[in-house]
Protein chains: 2
Amino acid sequence: MREFRGKLRILLIDDNSDHLRGVKELISLESNFEVVGATTSANLGINLVKKYRPDIVLTDVNMPEKDGLQAIQDIERLELGTKIIALSGYDDADLIFRAMKLGAKGYVLKTMASAQLIHAIDEVAAGKVYLPSVLSSRFFDYFQRSFKEETSAMDAENLLSYLTAREEEVLDLLTQGNNYKGIAGKLFISETTVKTHVNNIFQKLQVNDRTQAVLYALNNGFANKRRAKLAV
Amino acid sequence: MREFRGKLRILLIDDNSDHLRGVKELISLESNFEVVGATTSANLGINLVKKYRPDIVLTDVNMPEKDGLQAIQDIERLELGTKIIALSGYDDADLIFRAMKLGAKGYVLKTMASAQLIHAIDEVAAGKVYLPSVLSSRFFDYFQRSFKEETSAMDAENLLSYLTAREEEVLDLLTQGNNYKGIAGKLFISETTVKTHVNNIFQKLQVNDRTQAVLYALNNGFANKRRAKLAV
DNA sequence: TGAAATATCAATCCAAAGATGTAGGACAAA
DNA sequence: TTTGTCCTACATCTTTGGATTGATATTTCA
């Protein structure tokens, strides 16, 4: 399963030097793991990533100054294919969500058994994503809650549904920053006709100007709806 | 682990009547499961959910007409606490992502062993989210890719970074649909001053009018940036 | 068929938005 | 102290946007 080349090269970042040492010893016990670096500073850690190009980075996400999330983002931006596993003392849903959002391939609690950490490293090294089931539950709760608002905004009494097909076209062009002249040109109709449509849109959406119309459209899933007609 | 009250009440929706029958028999073999309904129609299924209020709904997501995703959304909107497990013949990342987004608590492939389906039902009934590891890998790939664009748009050569603090405030109010008068009132400055700021914003963002400025802001993570200052 | 909704275009008027130039005071950095 | 940036403010002018009314052709559907 693992690649032919020697050991899995691992870099550790944790501002708690005790924990750092502990993890280092733990990993060193594994014959197929090699710790290529260990530091208590996120900034230093990023430099070490550039220098040693490890396969895996284990980073604490609860650090002062440059925090671990920022470190994840910075490392991801290097685009070296480095796989990141977040370590944390807390099973905070928001923290997990943000770490995964930034590209972490795993998230392990410090309180978890060491075997779990080893397992996580193996899984992530094999190209998988590793989230202990307790944490994945939290993740999905958070994930679904954050989309619930979005979808509920999309239905309900949506004023957008009162628009005619032509008005939707016009609104679509408005949401692309066109003025009257631009819309008229693109739809091959006169500017005054566009004005008529736009005024009708304002009435239906109960707004006063184009900016508010565009904001209403964007906040009420207008783009999604139009995409839906093609993609769903 | 399971609650004291009798059996777990399950409803099945699958337009393939053969598969529907197969799953029904499979589940009926389990002494603690009870199939309270089985239908090949999504619309009918939703009505059955209202009528029987099952604990779990297993629904195919590859159906013609009213598709399974729509069914998931409709059932979720009833807010009966019904837990939904999506069934699909395909491990399509986009499909998995959308099903989970809409609130599905599990996703199981039809090709998977029956034991896995039973396990999924148990897990979901216990309040967990169940995604087989193959699928969760796909899910996270998709998830991270969809956020990669967002974050990369947020840095790079972002014209927003040239704005002064005051200009950011003004732009923020613009993205809320305010006109000159509204902004002036909220910032306790004169309308002409607001005009000056807005004009400077246009220059810096290289746009021609407020709508384009608002769109630029929204498309380049302006809201995220502002939120970041508080929340990150 | 006949009513209702839709799409088109025009004229007019007023308000709002945008462009440009100028300028004083606060403040920080060189 | 000087230089530069930022925030403030005003005047002026042009352009664009928005409201209103009215009109005609086409489509939709009961």
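Treat the numbers as computed from the prediction; the structure is a model and nothing was measured. Note: hydrogens, waters and symmetry copies are ignored here, and every other heavy atom, side chains too, is used. Below, chains carry the letters A, B, ... as their sequence lines are ordered, and counting in each starts from 1.
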J.: Quickly work out the Leu163(B) CG to dC7(D) P distance and round it to whole Å.
T.: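 Interatomic distance, CG of Leu163(B) to P of dC7(D): 10 Å.
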
J.: Decide if atom NZ of Lys24(A) counts as having more than 12 heavy atoms of other residues, nucleotides or ligands within a radius under 6.0 Å.
T.: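 No, the 6.0 Å shell around NZ holds no more than 12 heavy atoms from other groups.
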
J.: Indicate yes or no: does Arg21(B) engage Asp18(B) in a salt bridge with an N to O separation below 4.0 Å.
T.: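 Yes.
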
J.: Are the side chain of Gln212(B) and the backbone of Asn208(B) linked by a donor-acceptor contact shorter than 3.5 Å?
T.: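 Between the backbone of Asn208(B) and the side chain of Gln212(B) there is a qualifying donor-acceptor contact (under 3.5 Å).
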
J.: Quick check with a 6.0 Å cut-off and a 45 degree axis cone: is Arg210(A) positioned over the face of Tyr180(A)'s six-membered ring?
T.: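 Flagged: Arg210(A) positioned over aromatic ring of Tyr180(A).
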
J.: How does each nucleotide of nucleotides 15-30 of chain D score, in 5' to 3' order, for protein heavy atoms under 4.0 Å: base (B), sugar-phosphate only (S), or none (-)?
T.: --BBB-----------

J.: Using a heavy-atom cut-off of under 4.0 Å over every strand shown, decide if Thr193(A) touches base, sugar-phosphate, or nothing.
T.: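 Contact class for Thr193(A): base.
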
J.: State which of dA10(C), dC6(D), dT6(C) makes the closest approach to the side chain of Thr192(A).
T.: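 Shortest atom-to-atom distance from the side chain points to dA10(C).
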
J.: Do nucleotides 24-30 of chain C as a string where each nucleotide becomes B, S or -: B if the base has a protein heavy atom under 4.0 Å, S if just the sugar-phosphate does, - if no protein is that close.
T.: -------

J.: Once you round it to whole Å, what is the distance between P of dT6(C) and CD of Glu169(A)?
T.: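 It works out to 14 Å between those atoms.
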
J.: So, for Phe97(A) and Phe143(B), is the gap between ring centers shorter than 6.0 Å?
T.: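 Yes, the ring of Phe97(A) comes within the 6.0 Å limit of the ring of Phe143(B), centre to centre.
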
J.: Rounded to whole angstroms, how far apart are CD1 on Ile201(B) and P on dA17(C)?
T.: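 About 14 Å, once rounded to whole Å.
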
J.: Using whole Å, what does the distance between atom C1' of nucleotide dC9(C) and atom CG of Leu187(A) come to?
T.: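 Result: 15 Å.
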
J.: Base, sugar-phosphate or nothing for Ser190(B)? Non-hydrogen atoms, less than 4.0 Å.
T.: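 Since only primed, P, OP1 and OP2 atoms lie under 4.0 Å of Ser190(B), the category is sugar-phosphate.
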
J.: Is a side-chain donor or acceptor of Lys204(B) paired with a backbone partner of Tyr162(B) at a separation under 3.5 angstrom?
T.: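 Side chain of Lys204(B) to backbone of Tyr162(B), a donor-acceptor pair under 3.5 Å: yes, one is there.
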
J.: Figure out the CG/C1' separation between Asn200(A) and dT6(C), and round it to whole Å.
T.: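 My rounded result for the distance is 10 Å.
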
J.: When you measure from the side chain of Lys105(A) to the backbone of Gly103(A), do you find a donor-acceptor pair of N or O atoms at a distance under 3.5 Å?
T.: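 Present.
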
J.: Tell me the interatomic distance from Glu167(A), atom CD, to dA5(C), atom P, rounded to whole angstroms.
T.: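 The distance from CD of Glu167(A) to P of dA5(C) comes to 13 Å, rounded to the nearest Å.
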
J.: Nearest-Å distance, CD (Glu168(A)) to P (dT6(C))?
T.: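 Atom-to-atom, Glu168(A) to dT6(C), this comes out as 12 Å.
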
J.: Can you name the nearest heavy-atom pair linking Val49(A) to Ile75(A), along with the distance?
T.: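 Closest heavy-atom pair between Val49(A) and Ile75(A): CG2-CD1, 4.0 Å.
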
J.: Verify, without hydrogens or angle tests, whether Asn178(A) (side chain) and Leu173(A) (backbone) share a donor-acceptor contact under 3.5 angstrom.
T.: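 Yes; judged by distance alone, with no hydrogens or angles, the pair exists.
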
J.: Figure out the CZ/C1' separation between Phe188(B) and dA9(D), and round it to whole Å.
T.: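 To the nearest whole Å, that distance equals 18 Å.
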
